[in-house]
Engineer: 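Quick one: the structure is below, and I'll ask about it shortly.
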Amino acid sequence: MTSHMTSPDVSLDSMSRQLLELLEAQDPDVARILRDEADRQATTLELIASENHVSPAVMHAMGSWMTNKYAEGYPGKRYYGGCVFHDEVEDLARERARKLFGCGFANVQPHSGASANIAAFMAMLAPGGTILSLPIKSGGHLSHGLKPNFSGTFYNIVDYDLDAETEQLDYDAIAATARECNPDLIICGYSAYSRTIDFAAFRAIADEVDAILLADIAHIAGLVASGVHPSPFPHAHVVTTTTHKTLRGPRGGLILSDDEAIAKKVDRKVFPGSQGGPLMHIIAAKAVAFGEALTPAFKTYCRQIVANAGALADALTGHGYRLCSGGTDNHLMLVDLRPRDADLTGADAEAWLETAGIVVNKNGIPNDPRKPMVTSGLRLGTPALTTRGLKEDDLRAVAGLIDRVLDASGDPGVCAAVREDVRAMCRRFPLPH
Ligand SMILES: *Cc1c(COP(=O)(O)O)cnc(C)c1O
């Protein structure tokens, strides 16, 4: 069965084609869904700041023999036999992670960024301990203290906030809050913050109040690994991250440290503290992704991500939008839609843009008067488009496409016309698989 219903816009690598043929014969329902998703990714512009397109090597390492094995424990100390090659691949992943981030210890087993935070919090503080963090409404992550999350359930959360004028971190104000609440742990690192983080300033605050500093670099890990954003080392006691955002690896988590005592605690809290068997196929793919991130090409890629974000930000400002904090230093930006059109909401913008083939997420802006499911803003990021090969001029063109859709309030005719322009642009920049 070799019927290829994938649109002519989609060029798949040979392993992907084989997978679809196999599924076509065995499970046409799933085959159809995967084909549609491959088609969607190939023919739309992905501007969600936390997403990326992995290489064929990373993608296919995930779908490999390594998934068949239980490997509870760590290399050399497993609870199951037959782990020789699992030990090898986990050691390789750990070694590459240490090299990539310039630190002494890496735990590559966390299933996700949130899982990495669970284990790191358990390692660094007792239940009920006080965490000082930026709330989700101001750009933090739900695992940093949102009430219904484990973090808000089991710890005492105190918020710091961005400066109301500059919409940037105010280190003096954070220090003052730290002196008041005397936290056990301070978190820096965010999901929707477009400016450089001063890790040394955070460490000075942590030292003053005798707190642990945790840097969650989930979004900026690729930029950190390539030297495009300053490193949390040697300032942070413990560093958590995802592996699938700017780092462009498989969906997963990672915990790093330069302190042997902390590393030992972290290992115990990942397994058996918060997880069972590691996802060894994902760990194999992490090793592949870390290998890619150690190449000079990855550094070039990360520089281009930031250059592209700057070009997109300037162009959107030119079209009359306001960027929170006035701009971006990294891969993302928060766009305040109201100066362009007082009635325009993030929810409408997201829905209209999707019909035109431009994929974004609505996002609250600092002190957003609208509800989280409506919002006044969009969060836009350039990691995925940069993977496709788009450069500054192309991002300026993307800003033009976005503005055409929003200026027309999602008019179906305009969206359909932009959809065709988006398809043409996607054909010029094919995906890696
Ligand atoms: C994305 C993100 C996470 C969580 O990642 P998941 O893999 O979705 O659990 C954690 N922290 C920050 C700051 C993030 O942006």
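Counting starts at 1 for both ligands and their atoms, following the listed order. Just so it is clear, the model here is predicted, and its values are computed rather than measured.
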Engineer: What I want to check is whether the side chains of Thr387 and Tyr301 have a donor and an acceptor closer together than 3.5 Å.
Structural biologist: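 Result is yes, a qualifying pair exists.
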
Engineer: How about CG on Asp210, more than 12 heavy atoms from neighbouring residues, nucleotides or ligands closer than 6.0 Å, or not?
Structural biologist: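 No, CG of Asp210 has 12 or fewer neighbouring heavy atoms, counting only those of other groups under 6.0 Å.
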
Engineer: What do we get for Ala218 next to ligand 1 when only non-hydrogen atoms under 4.0 Å count, side chain, backbone, both or neither?
Structural biologist: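 Just the side chain.
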
Engineer: Note the single closest protein heavy atom to atom 8 (O) of ligand 1, along with its residue, its atom name and the distance in Å.
Structural biologist: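 Result: His244 NE2, 4.6 Å.
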
Engineer: Mind checking what makes side chain to side chain donor-acceptor pair (under 3.5 Å) contact with Glu51, not counting sequence neighbours?
Structural biologist: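 Glu51: no side chain to side chain donor-acceptor pair (under 3.5 Å) contacts found.
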
Engineer: Nearest non-hydrogen atom to atom 5 (O) of ligand 1 belongs to which of Leu142, Thr242, Leu134?
Structural biologist: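 Looking at heavy atoms only, the winner is Thr242.
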
Engineer: To which protein heavy atom is atom 14 (C) of ligand 1 closest, and what is the distance rounded to 0.1 Å?
Structural biologist: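 I find the closest protein heavy atom is Lys245 NZ, 3.0 Å.
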
Engineer: Holding to salt bridge (charged side-chain N to carboxylate O under 4.0 Å, His left out), I want the full list of residues that pass it with Glu260, two or more places apart in sequence or in another chain.
Structural biologist: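 If we apply the salt bridge (charged side-chain N to carboxylate O under 4.0 Å, His left out) test to Glu260, skipping adjacent residues, the hits are Lys264.
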
Engineer: Does an N or O from Ser191, backbone or side chain, lie closer than 3.5 Å to an N or O of ligand 1?
Structural biologist: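 Checking ligand 1 against Ser191, an N or O pair does fall under 3.5 Å apart.
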
Engineer: Who's the nearest protein heavy-atom neighbour of atom 3 (C) of ligand 1, and how far?
Structural biologist: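 Of the protein heavy atoms, His141 NE2, 3.3 Å lies nearest.
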
Engineer: Could you check atom 9 (O) of ligand 1 against the protein and tell me its nearest heavy-atom contact, residue, atom and distance included?
Structural biologist: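 Heavy-atom neighbour on the protein nearest atom 9 (O) of ligand 1: Ala114 N, 2.8 Å.
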
Engineer: List ligand 1 atoms under 4.0 Å from His219, heavy atoms only on the residue side.
Structural biologist: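 With His219 as reference, the close atoms of ligand 1 come out as 15 (O).
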
Engineer: Taking it one step at a time, do Ser143 and Asn117 satisfy side-chain hydrogen bond (donor to acceptor under 3.5 Å, both in side chains)?
Structural biologist: CA-CA 7 Å; Ser143 65; Asn117 282 338; 2.9 Å; yes

Engineer: Considering only the protein, which heavy-atom contact is closest to atom 11 (N) of ligand 1, and what is its distance?
Structural biologist: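 Answer, as residue, atom name and distance: Asp216 OD2, 2.6 Å.
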
Engineer: Got the closest protein heavy atom to atom 6 (P) of ligand 1, with its distance?
Structural biologist: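 Checking every protein heavy atom, the shortest distance to atom 6 (P) of ligand 1 gives Gly113 N, 3.5 Å.
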
Engineer: Do other residues, nucleotides or ligands put more than 12 heavy atoms under 6.0 Å from the CZ atom of Phe233?
Structural biologist: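 Atom CZ in Phe233 is crowded, with more than 12 foreign heavy atoms closer than 6.0 Å.
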
Engineer: Does atom NZ of Lys99 have more than 12 heavy-atom neighbours from other groups under 6.0 Å away?
Structural biologist: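 Atom NZ in Lys99 is not crowded, with 12 or fewer foreign heavy atoms closer than 6.0 Å.
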
